[in-house]
Enquirer: 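Following this message is one structure expressed as structure tokens.
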Amino acid sequence: MRFKRYGAGIAKGMALTLKHLWRRPITVEYPEERLIPSKRFRGYELVWYPERCTACATCAKACPQGNIEIVTSRGEGDMYKVEKFEVDTGRCMFDGLCVESCPFNALAMGQSYERSSYCRGQVVLSKEELTISEERQPSGYARPEIEALQPEQTLLIYRTGGVR
Amino acid sequence: MNGWDWIHWLIFVVVILGFALSMIIVFIWTERKVIGRFQLRRGPNRVGPMGVLQAFADFIKVLTKEDIVPAKADRWVHLLAPIVAFVPALLVLAVVPFRDGSILADLNIGILYVVAIGALGVVGIFMAGWGSNNKYSLISAMRTAAQVVSYEVPVVLSIVGVILITGSLSMVTIVHEQQVPFILLQPLGFLIFFLGTTAEINRSPFDLLEAESEIVAGFHIEYSGMKFALFYLGEYAHAVAASAVITTLFLSGWKGPVLPPVLWFLIKVGFVFWLFLWMRSTLPRLRVDQLMGFAWKFLLPLALFNVFLTGAEVLLWEEKMASWGNFPWPFLFLNLALAGGLIVLWSKFFRLGGGRVEV
């Protein structure tokens with residue numbers, strides 16, 4: 001005998017929702033609770049390492065938007081000195097081409113995603129603002145050695161288990 | 001009529017108003033919280049501890065909204081509609097006993113009064129649909145009228161079962177007569193009454209009158225500000241009233257061990273409301289033909305059968321009372337079994353559109 005048209009489907013559905021009632025909510029309460037983004041997250045802003053940069057301007061040429069502006073002068077020995085390394089992040093589309101093209105690993109994508117600002121001037125970043133700092137951490141995008149150090153991404157699928 | 005009557009009425013009018021309004025606020029919070037948990041959300045949790053003040057925040061917001069009346073609307077009907085829809089729900093509570101003797105008016109036709117007043121809410125909804133001068137509003141109002149009229153029939157018939165056993169229409173007597181909750185003695189009647197009431201107070205899955213996917217918001221499309229809030233409160237007031245009536249009729253009202261009667265009453269009301277929420281969070285909205293088919297082809301035959309069955313049992317019990325003792329235990333199990341069997345059987349028979357549409 002097939003129990004298909006005996007209203008069993010309704011009972012099944014009711015049982016399912018009842019089970020859901022005792023499960024842990026999947027909601028991430030954002031400002032209080034944050035998820036760790038992907039290891040290769042193309043996050044907001046770049047991280048620039050001045051000691052590795054040779055001012056070759058490959059990144060500036062790779063950028064489809066021309067967001068990176070580099071001005072150099074003659075430095076010690078046969079090195080260039082970077083006078084100006086300015087990135088207009090307002091127009092950045094996060095394709096990561098600058099990071100991929102850098103032959104000296106002097107650029108990396110950032111990890112952060114909370115960098116809204118009140119005026120356009122603030123999104124044009126100078127070379128001092130682009131260096132690594134407490135809140136400007138590099139992500140592992142196109143940088144396997146950084147990726148290896150990143151914490152594991154939190155996925156909501158791991159939170160469905162367990163009761164509350 | 002002496003002075004004490006006036007004092008009694010005054011006190012109970014205040015009590016019922018307070019009860020209704022506080023329960024509405026509690027129910028709004030409960031609904032949002034519980035539906036949230038059913039859907040693995042947290043529900044409101046920003047305003048006040050666990051979001052308990054969310055309803056007040058919404059209330060303040062809605063008060064500050066502009067009150068819009070459509071240019072070609074029937075102004076007075078448009079204005080009166082929310083009030084007409086809201087008041088019957090409060091009137092129903094007048095005959096609901098909170099505990100033995102705690103009742104505004106122990107009418108000897110209490111349940112008849114509930115049925116009569118309960119159907120009045122649809123007038124308000126129809127006024128809203130007509131007065132808004134909006135085609136979706138009118139479609140919604142017509143649907144509601146058809147729905148409420150249809151579901152009134154099985155609901156009243158399922159009440160007949162209770163009345164046959166108690167031999168009284170008074171709500172207090174009905175509670176007194178319940179040695180066990182009538183949900184056990186009248187499982188089929190409870191089910192029919194519960195589903196029929198859900199349809200009558202237009203709760204999901206029978207909320208065709210505000211089917212967002214078809215008719216935007218139904219009868220309250222053209223309402224904003226305080227008038228909309230009145231509709232919103234009215235929906236919950238109807239839920240409170242329906243829960244209270246179901247508690248009284250089928251869950252033995254205030255009766256219960258250990259805890260004080262009023263608390264038992266509130267617990268049962270909350271439980272019935274939780275059943276509404278459970279159903280809402282599970283079942284999708286019905287189609288119009290499914291809705292009508294369900295009332296006339298499913299609930300009505302079962303309700304009729306329930307009346308005959310209960311009548312026969314009452315007659316039989318009067319003969320056998322001496323030999324069976326104080327309570328008709330055999331009927332309890334018989335009714336439970338019959339209810340299960342009949343539902344399964346009728347689900348098999350149930351067809352829509354001449355057997356064309358699978359449900």
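Every chain is numbered from 1 and lettered A, B, ... according to where its sequence line falls, protein lines coming before strand lines.
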Enquirer: In Å and rounded to the nearest 0.5 Å, what is the CD1 to CD1 distance from B:Ile343 to A:Ile10?
Expert: 10.0 Å
Enquirer: Donor-acceptor pairs under 3.5 Å, side chain of residues 181-201 of chain B to any protein atom, not counting sequence neighbours: which ones?
Expert:
residue  : atom : partner  : partner atom : Å
B:Gln186 : OE1  : B:Asn306 : ND2          : 3.1
B:Gln186 : NE2  : B:Thr310 : OG1          : 3.0
B:Thr197 : OG1  : B:Phe193 : O            : 2.4
B:Thr198 : OG1  : B:Phe194 : O            : 2.5

Enquirer: NZ/A:Lys12 to OG1/B:Thr282 distance, rounded to the nearest 0.5 angstrom?
Expert: 14.0 Å
Enquirer: For the atom pair CD (A:Glu29) and CG (B:Asn45), what is the distance rounded to the nearest 0.5 Å?
Expert: 5.0 Å
Enquirer: Checking B:Trp274 now: which residues fulfil side chain to side chain donor-acceptor pair (under 3.5 Å) with it, not counting sequence neighbours?
Expert: none
Enquirer: For A:Arg24 and B:Leu40, which heavy atoms make the closest approach, and how far apart are they?
Expert: O-CD2, 3.9 Å
Enquirer: I'd like to know whether CD of A:Glu114 has more than 12 heavy-atom contacts from other residues, nucleotides or ligands below 6.0 angstrom.
Expert: yes
Enquirer: Once rounded to the nearest 0.5 Å, what's the spacing between atom CD of B:Gln39 and atom OG1 of A:Thr27?
Expert: 10.0 Å
Enquirer: Do other residues, nucleotides or ligands put more than 12 heavy atoms under 6.0 Å from B:Phe271 CZ?
Expert: no
Enquirer: Distance from B:Trp278 atom CH2 to A:Leu21 atom CG, nearest 0.5 Å?
Expert: 9.5 Å
Enquirer: A:Met14 and B:Met279: which non-hydrogen atoms are nearest, and at how many Å?
Expert: CE-CA, 4.1 Å
Enquirer: Drop me the distance from B:Arg42's CZ to A:Ile26's CD1, to the nearest 0.5 angstrom.
Expert: 11.0 Å
Enquirer: In this structure, are over 12 heavy atoms from other groups packed under 6.0 Å from A:Tyr80 atom OH?
Expert: no
Enquirer: Is the CE atom of B:Met50 crowded by more than 12 outside heavy atoms at less than 6.0 Å?
Expert: no
Enquirer: For a 4.5 angstrom cut-off between non-hydrogen side-chain atoms, does B:Arg41 reach A:Pro25?
Expert: no
Enquirer: Could you check whether atom CZ of B:Phe308 has more than 12 heavy atoms from other residues, nucleotides or ligands sitting under 6.0 Å from it?
Expert: no
Enquirer: For A:Leu16, which atoms come within 4.5 Å of any heavy atom of chain B: side chain, backbone, both, or neither?
Expert: neither
